[in-house]
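Some notes on the structure that comes next.
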Amino acid sequence: MPSDASDVAGAFRALHAASRGFIMPNAWDAGSAAVLAAAGFPAIATTSAGIAFALARQDYGVTDAARAVPREAMVRCMRGIVEAVAVPVNGDLEAGYGDSPEAVAETIAMAIDAGLAGGNIEDKIPGHQALYEEGLAVERIAAARSVIAARGSAFVLTARSDTLLLAGRAGLAEGIARCNRYRAAGADCLYMPGAVDRETVNRLVREIDGPINVVMGLGTNEGNAHELIAAGVRRISLGGTIARAALGLVRRAAEELRDRGTLGFAAGQMPGAALNALFARTPGT
């Protein structure tokens, strides 16, 4: 495996240039990252939702800024994930932790320093059901690209547009136009969460001028990652899906134990010896 941060970022960049796409599941802590990496995925990502929920904080639909995870705490968690695996890690950097291009650039610099191989920047205004004005959104991506270039880094910049999440199919054309402008401003990968059906995904592959990421599992267990890759999607992520599934198991376990006193939920647990053996091999130990 690559031995330092620059090599890891270069390996991540190479995945985006390969002839076939890849699956990149999302971890929320060092332990989940180690389990996912051990399964053989060529890269993993962080999930702001999973990290927030593990800290009993809110994500995306935040009702009070005090309930969100601050940038420094999020970066600290992402650094722990990076240190637990040898594969490239893509960071969920949300909206860049600030409205201005300068704030986004500072966040990207922190991400590079944390050892992340890439990261996503959203165009939704935190705390609002609205997007940044398109010109400002483009400036934010350009600022991110500038700091990456200044560092001489291979860091993979992903620009995410939330037009589909906010406007449904009515936002599809705008989202495609935004993604193409973000690509021209320096984004390496483009991302429109909410694109799940094959017709929409096929249109994204056809009309967006660059590698695209598709997130699966947003409120559904439908779809097949291998089929989407065959259709031309370069990268598949899962956002907070695995973290939400894990918390769903915790809730079902609590309900079973409370109501019936049984431990059926424990049938699928990983043995302690297997976990000890796995964590004995993690790079951070």
Side-chain angles (χ1 to χ4, degrees), residues 26-33 44-84 89-116 118-133 136-137 139-141 143-144 147 157-167 171 191-194 215 217-219 237-255:
N26 303 65
W28 59 96
D29 61 12
S32 60
I44 62 173
T46 73
T47 161
S48 65
I51 291 172
F53 300 154
L55 297 173
R57 298 292 189 98
Q58 293 182 321
D59 175 75
Y60 200 73
V62 178
T63 59
D64 181 338
R67 296 182 182 275
V69 180
R71 179 173 65 177
E72 290 70 19
M74 186 65 75
V75 172
R76 185 165 57 250
C77 290
M78 292 190 290
R79 184 187 295 274
I81 290 171
V82 169
E83 292 174 348
V89 178
N90 184 75
D92 183 348
L93 304 176
E94 303 189 76
Y97 297 93
D99 298 330
S100 70
E102 293 77 14
V104 173
E106 186 176 65
T107 296
I108 293 292
M110 293 174 67
I112 294 172
D113 289 342
L116 290 163
N120 307 338
I121 297 292
E122 305 169 6
D123 62 4
K124 176 184 174 294
I125 303 172
H128 300 273
Q129 292 299 302
L131 304 177
Y132 287 106
E133 183 274 324
L136 174 58
E139 289 178 21
R140 285 159 45 84
I141 297 303
V147 73
L157 175 62
T158 297
R160 164 177 157 169
S161 181
D162 282 17
T163 51
L164 283 175
L165 291 184
L166 295 184
Y191 177 22
M192 287 178 63
V215 61
L218 294 182
S237 61
L238 280 81
T241 301
I242 300 176
R244 289 191 298 271
L247 289 172
L249 172 61
V250 173
R251 183 170 66 178
R252 291 192 300 275
E255 292 171 347

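Atoms OG1 and CG, on Thr47 and Asn90 in that order, are 11.5 Å from each other to the nearest 0.5 Å. A distance of 8.5 Å separates CE of Met110 from CZ of Arg79, quoted to the nearest 0.5 Å. Here the CZ-CZ distance, from Arg71 to Arg76, works out to 13.0 Å after rounding to the nearest 0.5 Å.
Shortest non-hydrogen contact noted between Gly98 and Val104 is O-CG2, 4.0 Å. The two residues Thr241 and Gly217 come nearest to each other via the heavy atoms OG1-O, 3.1 Å. When all heavy atoms are compared, the tightest approach of Ala27 to Ile44 is CB-CD1, 4.4 Å. The nearest pair of heavy atoms linking Arg67 to Thr63 is CD-OG1, 3.7 Å. In this structure, Gly80 and Ala30 approach most closely via the heavy-atom pair O-CB, 3.8 Å. Among all heavy-atom pairs drawn from Pro193 and Leu218, the shortest one is CB-CD1, 4.1 Å.
Side-chain contact check for Ser161 and Asp123: at least one donor-acceptor pair (N or O, by modelled atom type) lies under 3.5 Å.
Distance alone, capped at 3.5 Å, places no donor-acceptor pair between the Glu122 side chain and the Asp162 backbone. Judged by distance alone, with hydrogens and angles left aside, the side-chain atoms of Thr46 form a donor-acceptor pair with the main-chain N or O of Asp92 at under 3.5 Å. Arg57 places no side-chain N or O within donor-acceptor distance of the main-chain N or O of Pro70, the cut-off being under 3.5 Å. Looking at Arg160, its side chain never comes within 3.5 Å of a backbone N or O of Lys124 through a donor-acceptor pair. No side-chain donor-acceptor contact under 3.5 Å links Asn120 to the backbone of Leu93. Looking at Asn26, its side chain does come within 3.5 Å of a backbone N or O of Gly239 through a donor-acceptor pair.
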Does the pair Ile121 and Ile108 meet the rule for a side-chain contact (heavy atoms from CB on, under 4.5 Å), with working shown? CA-CA 9 Å; Ile121 297 292; Ile108 293 292; 4.2 Å; yes
Can you list the steps and then say if Ile51 with Ser48 is a side-chain contact (heavy atoms from CB on, under 4.5 Å)? CA-CA 5 Å; Ile51 291 172; Ser48 65; 5.8 Å; no
Verdict with supporting geometry, Tyr97 and Met74, side-chain contact (heavy atoms from CB on, under 4.5 Å): CA-CA 10 Å; Tyr97 297 93; Met74 186 65 75; 3.2 Å; yes
